[in-house]
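In the text below, chain A, chain B and the rest are named by the order of the sequence lines, each starting its count at 1.
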Amino acid sequence: MSALIEIENVKKTYYLGKIAVPALRGINLSIEKGELLSIIGPSGSGKTTLMNIIGLIDKSTDGTVRIAGEDIGQMPDQVLTDLRLNKLGFIFQTFNLVPVLNALENVEFPLQLQRSAGKKNAAGKAAQLLEQVGLKDYMLHRPAELSGGQRQRVAIARALITDPDIVLADEPTANLDSVTGKSILELMKEMNRSLGTTFIFSTHNRDVLEYARRIVTLKDGLLAA
Amino acid sequence: MLLKIARRNLLRHKGKSLVVGIILFIGSLVMTIGSATVTAMEKNVTRTFIDSFMGDITIMSKKQKNEGVFMQMMGETTEVMADYAKTADILSGHQDVDSFIPYCYSIPMMLAGNDNPTGYPAICAIYAAELDQYQKMFSNISPVEGKLPLRGERGILLSKYMRDMYYLVNQDLYYPANTPFSAQYFPEGITNARHEDVSLKHNIVLMGYSARNSSGDVSVPVRAVFRWTRLDNFWREVSVMDIASYREMMNYRIGGDIVISRQESRLLEINTDNPEAMFAEKIETAGITAQKVSKPEFSRAAGKDDFDNNAWELIAVKLKDHNQKKRAVTIRELNNIFTEKNIDAKAVTWETFAGAMAGFIKGIRTGLFVFVSLIFIVAIIIIMNTLAMSTLERSAELGMMRAVGARRKFIGFMLLGETFTLSAIFGGLGIICGGLMSAIFSYLKLPVKNEMMQIITGNAWYAPEFTAADALTGIILLILVTVLSVIYPLRISFRISPLDAVERN
């Protein structure tokens, strides 16, 4: 049985004018369904670049990425968009919630894009998830009215509402205090356990590694041994 | 969800929304009032030109080279229609013709009045017709003093403007006989003039001439001083005369009845290099036979009362339907009939007949269109720029939406929703306010003294006419402006990738 995500010799080079800056220099990685994987490494090691490529929001310069056996390299933008909507959940370092929507509406948003769930069902499911992440009393609050930790919880609920196969979290605790950060990681661990969703999170903070079942280390754009 | 986000975004960015909204409001307001003004202008110009003076179509002789008769120079020939009776028969039987009136128009010279032979000559544009028929068809003469002559009565109706001009040039003050003198007859602004200081006159002497006819002159009584009911400032140099006096002035005699003997003809052909021959005792008259002059060739025979009652230069034709396409069909049909029956007549539009004047009106209309277009171009640029800036500022938010699965189409519809919401609210308000203001202006009838402006307003007052068509035009233009304004911001939004959600933060 093939892995959920297969990464073969993935390279990514950025160009600063005419100067080539390699961010990933040949990554090989296989991630199974249901894993709770942490990608760690210092700043500039390529963690975010790798997360973006796995999360289909950036493309590799070279190499192959397969998700559920499908090579995403040749897929048109619309197919990638639909994959992001239906198969992936993304938690950003800076939360990235829609500022004009309240917590409930933010969580509902991907379901509304899917149009598969009715309006009532979407709201019900969003409310249930918000309750799960401990925001039962904040459903009608807009992002500006929530703390950093609460916003990240909303982001987690939003990432989970479409029942994705994979949830990617790029440094989800970077903007949170240690206590809130730990509670967020606990929540992700719990979701992984209860829902069987594959979680991949990147961090440069070695204190949070206890929450991961598997850890890969990136250094200078390569996987460390 | 899409409209919810759009609506809340507009409220969130109140400043930008207000800037775009105000531009849309002002643009729509100006456009609506402009459109209502153009509607009034077109309607009034139609009323003035078609309903009050020229009709939809003018019929003239085929020999008439310059079809812009109304703007022709003094002394230019207005040809007489050789087949007026046949032409009138055809017009009477045509299903599209509502009414028609024959008339003559030229610019004779006004000689000094009856008791002031030393005065300066002046010109006087003359419209000659059966005046009761004219009033029935056009109803555009409002006497200020005196009254219209009865049918068969001779006389001239002098325009108020020309009466003032003659006073200012020659100090001759014309006014209708049997009318008590009043100091109000003096031009406006003349306050110190006294009855004793001016030459009061009741008759005008006019000399008609053209390239075809030698001059003739006629003395006609002033029956009334009048203003044109509609657009007096436009027609004010034109006075009106009875047709019999006009024919006498232009020497339109019955050519078919004139018999010129060979002897007379010989006299006319006499060699002027030898004036002695004119006074020879005996002129060769052998073999003289009478010959008829062909009908269109009018000839002078002074002293004979044989003016041609069928001598008309022009016919103004009103159609049942003023639609321009239908008018073109009617003109084509009439011209085909005239050609088939070999009739000396051709039909042209009133615009052709009005010559440069119609072009002038068209120019004003084009000018207004350009003005409104410029407003829209400026509005489009400002709105486009504001929206583009707003889109760039929201890159992270839009990128995040793309990252969580929103297609480009969704982002596009969201931006369209925001812009169209602004358009609908502010632009719609602009159209409504424009309509209301037009109605208020129309009710107030604000006086317009500038002549150029009077041509735009079509009256001596400003009364725009806001119609359903104007509202529809406004809505269509508003949609067009919105679509054109949002194209560039949409292109920017389409370039925003999910990566922007990460990088912009």
More than 12 heavy atoms from other groups under 6.0 Å of [atom1] on [X]:
X        : atom1 : result
B:Phe376 : CZ    : yes
B:Leu374 : CG    : yes
B:Phe494 : CZ    : yes
A:Glu70  : CD    : no
A:Tyr14  : OH    : yes

**Study point:** Heavy-atom closest pair, residues A:Pro99 and B:Arg12
**Key:**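 In this case the closest contact between A:Pro99 and B:Arg12 is CG-NH1, 3.1 Å.
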Review point. Taking all non-hydrogen atoms of both residues, which atom of A:Leu97 and which atom of B:Met400 are closest, and how far apart?
Key: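 Closest approach of A:Leu97 to B:Met400, heavy atoms only: C-CE, 3.7 Å.
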**Study point:** Contact winner vs chain B - A:Leu83, A:Thr48, A:Asp58, heavy-atom pairs under 4.5 Å
**Key:**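 Option with the top pair count is A:Asp58.
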Check your understanding: Most heavy-atom pairs under 4.5 angstrom with chain B, which of A:Thr162, A:Leu80, A:Val98?
Key ->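 Ranked by contacts with chain B, first place is A:Val98.
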What distance separates [X] [atom1] from [Y] [atom2], expressed to the nearest 0.5 Å?
X        : Y        : atom1 : atom2 : result
B:Ser497 : A:Asn52  : OG    : CG    : 9.5 Å
B:Lys4   : A:Phe109 : NZ    : CZ    : 11.5 Å
B:Arg402 : A:Ile57  : CZ    : CD1   : 11.0 Å
B:Phe410 : A:Leu85  : CZ    : CG    : 10.5 Å
B:Leu499 : A:Leu56  : CG    : CG    : 12.5 Å

Check your understanding: Are the side chains of B:Arg407 and A:Asp82 in touch, meaning some heavy atoms are under 4.5 Å apart?
Key ->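 Yes. Closest side-chain heavy atoms under 4.5 Å.
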Review point. Quick one: are A:Leu101 and B:Ile5 in side-chain contact, heavy atoms under 4.5 Å?
Key: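 They are in side-chain contact.
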Check your understanding: Between the main-chain N or O of A:Val100 and the side-chain N or O of B:Arg8, is there a donor-acceptor pair closer than 3.5 Å?
Key ->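 Yes, because the side chain of B:Arg8 sits within donor-acceptor range (under 3.5 Å) of the backbone of A:Val100.
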Practice item. Sort by residue number and list every member of residues 14-23 of chain B having a non-hydrogen atom under 4.5 Å from chain A. Key: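 Listed by number: none.
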Practice item. With a 4.5 angstrom heavy-atom cut-off, could you sort out which part of A:Asp77 is near chain B: side chain, backbone, both or neither? Key: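 The side chain, not the backbone.
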